[in-house]
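Structure first, commentary second.
Convention: sequence-line order gives letters A, B, ...; per-chain numbering from 1.
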2 protein chains.
Amino acid sequence: MKRSERLVDMTKYLMERPHNLISLPFFATRYGAAKSSISEDLTILKHTLADNQDGILETVAGAAGGVRYIPFWGKKNVTQYLQDLAKRIESSERILAGGFVYLSDILGNPQDLDKIGKIIATRYAYSNIDVVMTIETKGISLAQAVARYLNVPFITARKRSKVTEGATVSVNYISSSLDRVSKMELPTRALKENSNVLLVDDFMMAGGTLTGMRQLVKEFNSNIAGICVLCEADFDDEKVIEGHLSLIRIKDVNDKQKIIVAEPGTLLGHTNFNRF
Amino acid sequence: MKRSERLVDMTKYLMERPHNLISLPFFATRYGAAKSSISEDLTILKHTLADNQDGILETVAGAAGGVRYIPFWGKKNVTQYLQDLAKRIESSERILAGGFVYLSDILGNPQDLDKIGKIIATRYAYSNIDVVMTIETKGISLAQAVARYLNVPFITARKRSKVTEGATVSVNYISSSLDRVSKMELPTRALKENSNVLLVDDFMMAGGTLTGMRQLVKEFNSNIAGICVLCEADFDDEKVIEGHLSLIRIKDVNDKQKIIVAEPGTLLGHTNFNRF
């Protein structure tokens, strides 16, 4: 196989398996090529990704070594996308009762999910995440988008028991937006002990739901490695959670004047984005 | 930019935008290269994808022409994956009460979702799908995986009204597994009139839920372009729906003997998979 064909296949192969370590001998056998040729191919691939600030090809030396494709978006790309997203979120047609914002179109758009997933996966690329967790319903697409780029499973806490999930563990939490005690649960087989869990959700007001998820993770003797939301309502002062990051900060939702004010959130400050 | 670098970037660019028509002048400008060189690059890309039965690069001639990457998996790949998946589903630990089967691990695994999404997107690659639709909760990851490869939005019908979605249209349907009348709804702004809708769901017993979704699509004056489920329970004889396809057919779930019998479903028979 020629270099040109190898490069097409190799790019596709690596992109479909983010974070997986692929050995040089594997590629050498796949293409019937010398290891030195494969090394040269990988150098080309690495530099092309780096030039676009769109992906890292990591080389792991030694007998058990190989290469690993890390989805990674540079600060320039991320800033531009988040500013554009904030502007789209400011459309007054998105205003819903109770200070909520209509986001279902964004959470169902594969091009947006692709970018949002890549951004969050960049932030947690080196956090040894074992599993991404969210709560039904609207957090699911977000969790899936992130999980794809980290190449780890994702799990969904549910607000109601289903016979189709078997035995569950449940916790009670105070849902601040509804101002009442709610229940959420997770199948016992969904999460192994000592897992490193990344919590994601679509929208955060005071953070009551995230508190519930954190408690649920503790019940499984697992560890929270990070908390990240798509939108954070900054006008809700009574936050019950700390240490979370947001892609978008919503500073005001004024139903009467039909105004939403949104801007890039706290995630953008993280040093991972400066790596290029 | 050299050919080798162009090929890496081009492969990545096209893979991130399935079904989108990209013009030759766009690539010529992006790489500062002659159109004739770009044409040669695309020929290499096309043949490499075809050799693996893993994607079609379609050339559209004329002034408004260009190329389009169609995710497409050949019959050999699909058969092998579905046989393997059927075997995994036959694990007796998956048996739940009521003839249900635990599938949450598969529906939360990015590598499985990737393949399942690619298979369904291959079947409907030329069906002019405008939107993929499912119902909460477990169908969502399936819908997202398919929508990504068709590069169209996906929408989620809900069983309960939420303030965070605004005005909705609702229908009643008979849920056969629960044997009672249920309600599902969709935000009015989620679906445009005259859309071509692909319905997907994780598990089908008699098909009551799909009947509800079909009715909901009609309320939006839209058209069903296809119905596809991950698993179909073949032991439920009283089907209330026709014309659906399944990836996996579950022939028996025996709780006492702890046996599940599963095999590749009806989708595999479709001619699209023979294209290579």
Checklist line | Residue Arg94(B) versus chain A: region with a heavy atom under 4.5 Å | finding: backbone

Note to self: Hydrogens and angles aside, do Arg3(A) and Ser4(B) bring a side-chain donor and acceptor to less than 3.5 Å of each other?
What the structure shows: no

Note to self: Between Ala190(B) and chain A, with a heavy-atom cut-off of 4.5 Å, which part of the residue counts as in contact: side chain, backbone, both or neither?
What the structure shows: both

Check: Hey, what do you get for OG (Ser141(A)) to CD1 (Ile140(B)), rounding to the nearest 0.5 Å?
Finding: 7.5 Å

Note to self: If I measure from the heavy atoms of chain A, does Asp105(B) come under 4.5 Å with its side chain, its backbone, both, or neither?
What the structure shows: neither

Notebook entry, point to check: Given that the side chain runs from C-beta out, which part of Val152(B) has a heavy atom under 4.5 Å from chain A: side chain, backbone, both or neither?
Noted result: backbone

Notebook entry, point to check: Counting N and O atoms only, with roles assigned by atom type, does the side chain of Arg189(B) sit under 3.5 Å from a partner on the main chain of Glu93(A), one being a donor and the other an acceptor?
Noted result: yes

Notebook entry, point to check: Are Asn151(B) and Gln111(A) side-chain neighbours, meaning at least one heavy-atom pair lies under 4.5 Å?
Noted result: yes

Note to self: Nearest 0.5 angstrom please: Gln144(A) CD to Asn109(B) CG, how far?
What the structure shows: 10.5 Å

Margin query: Counting only non-hydrogen atoms closer than 4.5 Å, does Asp51(B) touch chain A with its backbone (N, CA, C, O), its side chain (CB onward), both, or neither?
Written below: neither

Margin query: Please evaluate residues Thr48(B) and Glu5(A) with respect to the criterion side-chain hydrogen bond (donor to acceptor under 3.5 Å, both in side chains), reporting the C-alpha separation (whole Å), side-chain torsions for both, the decisive distance (0.1 Å), and the verdict.
Written below: CA-CA 6 Å; Thr48(B) 310; Glu5(A) 293 161 336; 4.9 Å; no

Next item on the list: Scan Lys12(B), Lys115(B), Lys118(B) and name whichever one has a salt bridge (charged side-chain N to carboxylate O under 4.0 Å, His left out) with Glu16(A).
Entry: Lys118(B)

Next item on the list: Measure from the side-chain N and O atoms of Glu136(B) to the backbone N and O of Thr137(A), and report whether any donor-acceptor pair falls under 3.5 Å.
Entry: no

Notebook entry, point to check: Given that the side chain runs from C-beta out, which part of Leu49(B) has a heavy atom under 4.5 Å from chain A: side chain, backbone, both or neither?
Noted result: side chain

Item checked: Tyr149(B) side chain near Pro110(A) side chain, heavy-atom distance below 4.5 Å -> no

Next item on the list: Working to the nearest 0.5 Å, report the span between CG of Leu7(A) and CE of Met10(B).
Entry: 12.5 Å

Note to self: Only pairs of heavy atoms separated by less than 4.5 Å count here; which of Thr156(B), Asp54(B), Ile155(B), Leu150(B) has the most with chain A?
What the structure shows: Asp54(B)

Checklist line | Leu113(B) versus chain A, the contacting section by heavy-atom distance below 4.5 Å | finding: side chain

Note to self: Measuring from atom CD1 of Ile44(A) to atom CG of Asp9(B), what distance do you get when rounded to the nearest 0.5 angstrom?
What the structure shows: 13.5 Å

Item checked: Contact winner vs chain B - Asp41(A), Asn52(A), Asp114(A), heavy-atom pairs under 4.5 Å -> Asn52(A)

Next item on the list: Select one option (side chain, backbone, both, neither) describing which atoms of Leu45(B) are under 4.5 Å from chain A's heavy atoms.
Entry: both

Item checked: Lys138(B) versus chain A, the contacting section by heavy-atom distance below 4.5 Å -> side chain

Next item on the list: Using non-hydrogen atoms and a 4.5 Å limit, figure out which bit of Ala167(B) sits close to chain A: side chain, backbone, both or neither.
Entry: neither

